[in-house]
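Each chain gets a letter, A, B and so on, in the order the sequences are listed, and its residues count up from 1. Below, each value reflects all heavy atoms present in this structure, side chains not excepted, and no hydrogens, waters or symmetry copies.
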Amino acid sequence: MSSTNALSEIDECWNSSSDAPARPVALLRGSARGLEIVVDGRASGDAIAVAVSAKLGEAPTFFRGSDVRIRVDEGPLPLGCLAKLDTIAGQFELRIVEVGALSKDGVPHPNLAAGSAPAPASKTDSDAVEQLAGEQDPAQGSLPLPDEPAPVPVPVAESEPAPSVKAPSVDQLELALRAMEPEIEVVETPADEPETRIVIGPIRSGVIFEHRGHVIVFGDVNPGAEIRAEGNIVVLGRLRGTAHAGIGRDAGFILALRLEPQQLRICRLVARASEGDTPGSQPEIAHVTSGTIVVERYLGRLPGSLAASI
Amino acid sequence: MGRAIVITSGKGGVGKTTVTANLGTALAQLGHSAVLVDADIGLRNLDVVMGLENRIVYHLVDAIRGKCSVQKALIKDRRMENLWMLPASQTDDKDSVSPEEMKSLIWELKHTHDFVLIDCPAGIEQGFKNAIAGADEAIVVATPEVSSIRDADRVVGLLAASDIPVRLIVNRISQALVKRGDMLSQSDVIEILALELLGTIPLDDQIVATTNKGIPAVLEGKSLAAKELLRIAKRISGLEVEDRVASGFFARIGRALGLSATPA
């Protein structure tokens, strides 16, 4: 099985290299899901907090407003660490939305924070034993997650000596991590982000216009025409046809000077005007709130959460 | 070198053949030599509307296949000096000719006539592609109905993709119905189609009568529709035409009181 091979790769990394620099306690990286902070669960809570703070401090305003996911390698997080990370996140105006294991079988296991049981069947016995035998320090004060059961201490198997900690180089570790995590790729933004396409209308009936990024139409979109975009759609004219924004993504919006569509589609939702609706004479914007498409007047600013989704 | 104009619509039954027959006759009345080509192979109607059906010996497919020369297939109208017609075949279908063959046929006709008007069949398939193949310009005929406008919009898109300039004729408009709100207005049509307007032909019983008799309405020339068709022909031929809106003092009073029949 691939995970077993990957594990042995990590073990080799650990055992083979000699004068490697210390493994970073915290790493920032981008993934398909957004910003991630990879922390080494074997370090102390203070060390992790300091490392994360330092990493974020390198570009204090860059991540402001982002959602961030904590990925714990060789978790769980030490007791009390999550509270510290919460504070740090607050300082940098981030929001921690998920804490999970840097899982070796490719499946994220959320809610792996201090005090919770480790993910089953993904670690060797010696590793699991090591973690649980580690910091059970109630004096540190933790952020108890109410649903998590209290950890069950397991006696250390005395015959197993601790493996000699010869930390691999960062590159080796990264390579090993990538071998284990095929689905998380480091995104090289923004060079390969698709551009915004500008279209001169009118878009006639029967025309389907598709684009991977955002679309701006100067003119009308006639009934029977379709705009499909992975990004957002802005029609500086009358939108009378069908528009589908946010294809393959979680969010998107459709804005038009006159919104009179046959159908609106955002991500996987579909909407049409109800029978009694009269088309407004003001610019309107359609976006998703609480699982439905809502249309509101566009007053010169994007509704709050939308700005982040671009 | 003459101008080849295709008259098309997408939707069937909106007045392409009637407009082709009358515009051709009106252009001949204005002194130009005109040939009308019926591109509706298999469902020919232009000969009926022109009243020339009994005189068909050869047709368009014969000419393209080389069975006869193009000149031999042309039928000269007995009422007008400069008017000819090339009928379609009633027994073949639209796949019998290719766009290239149509293009060379039209090109040949452009040498000998000032205007080549091509009556396009309904639809957007091979018949449409054949009809637009040799055209320099297009006229889209649309009635003030949603279905007609939708189809016309599609056709305009296809014509634009072939780099053929398009202008619009709105056909069968009734000012009374428009005022009552029961019919789309001329501006509604233009709002969606966004084309230069050549003219607006009113709904007219005379057209029904004359079409069935095989006499183009402009020959008699008194009905409102005939007058508008003549006006459109003048515009096509490059003459300056006065606006339909009367501009005299009494006309303005009439408009202020809501009495005149100006387009909405």
Side-chain angles (χ1 to χ4, degrees), chain A residues 197-211 215-229 233-244 254-265 270-284 286, chain B residues 6 8-12 14 120-129 131-132 135 137-170 181 183-197:
Chain A
R197 182 73 68 86
I198 291 184
V199 187
I200 310 290
I203 313 274
R204 302 262 176 204
S205 180
V207 173
I208 300 179
F209 183 81
E210 291 180 319
H211 184 55
V215 176
I216 301 179
V217 181
F218 285 93
D220 293 347
V221 178
N222 282 350
E226 250 188 79
I227 312 272
R228 298 182 189 160
I233 298 172
V234 174
V235 178
L236 297 172
R238 273 176 275 256
L239 173 54
R240 286 193 165 122
T242 298
H244 190 172
I254 299 168
L255 191 155
L257 294 184
R258 297 276 293 260
L259 198 67
E260 311 162 11
Q262 290 177 302
Q263 262 191 25
L264 287 176
R265 302 174 187 166
V270 181
R272 58 175 175 79
S274 41
E275 293 308 312
D277 273 1
T278 46
S281 53
Q282 303 289 324
E284 287 172 311
Chain B
V6 61
T8 181
S9 67
K11 189 138 189 352
V14 300
C120 182
I124 50 173
E125 299 80 16
Q126 194 59 40
F128 170 79
K129 291 176 190 159
I132 68 172
E137 321 161 27
I139 296 176
V140 162
V141 179
T143 55
E145 290 154 332
V146 176
S147 46
S148 169
I149 297 171
R150 191 68 55 86
D151 290 357
D153 193 44
R154 180 88 169 92
V155 157
V156 171
L158 294 172
L159 288 165
S162 300
D163 284 323
I164 299 177
V166 194
R167 290 187 287 184
L168 173 68
I169 291 179
V170 178
M183 185 185 270
L184 294 173
S185 69
Q186 172 188 296
S187 2
D188 292 331
V189 178
I190 297 172
E191 199 182 44
I192 299 187
L193 292 179
L195 294 173
E196 180 195 334
L197 182 68

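Listed here is the closest heavy atom pair of A:Pro223 and B:Ile192: CD-CG2, 4.5 Å. The two residues B:Leu193 and A:Arg204 make their nearest non-hydrogen contact at O-NH1, 2.7 Å. Summarising the geometry of B:Arg154 relative to A:Ser205, their closest heavy-atom pair is CD-O, 3.2 Å, with the distance given to 0.1 Å.
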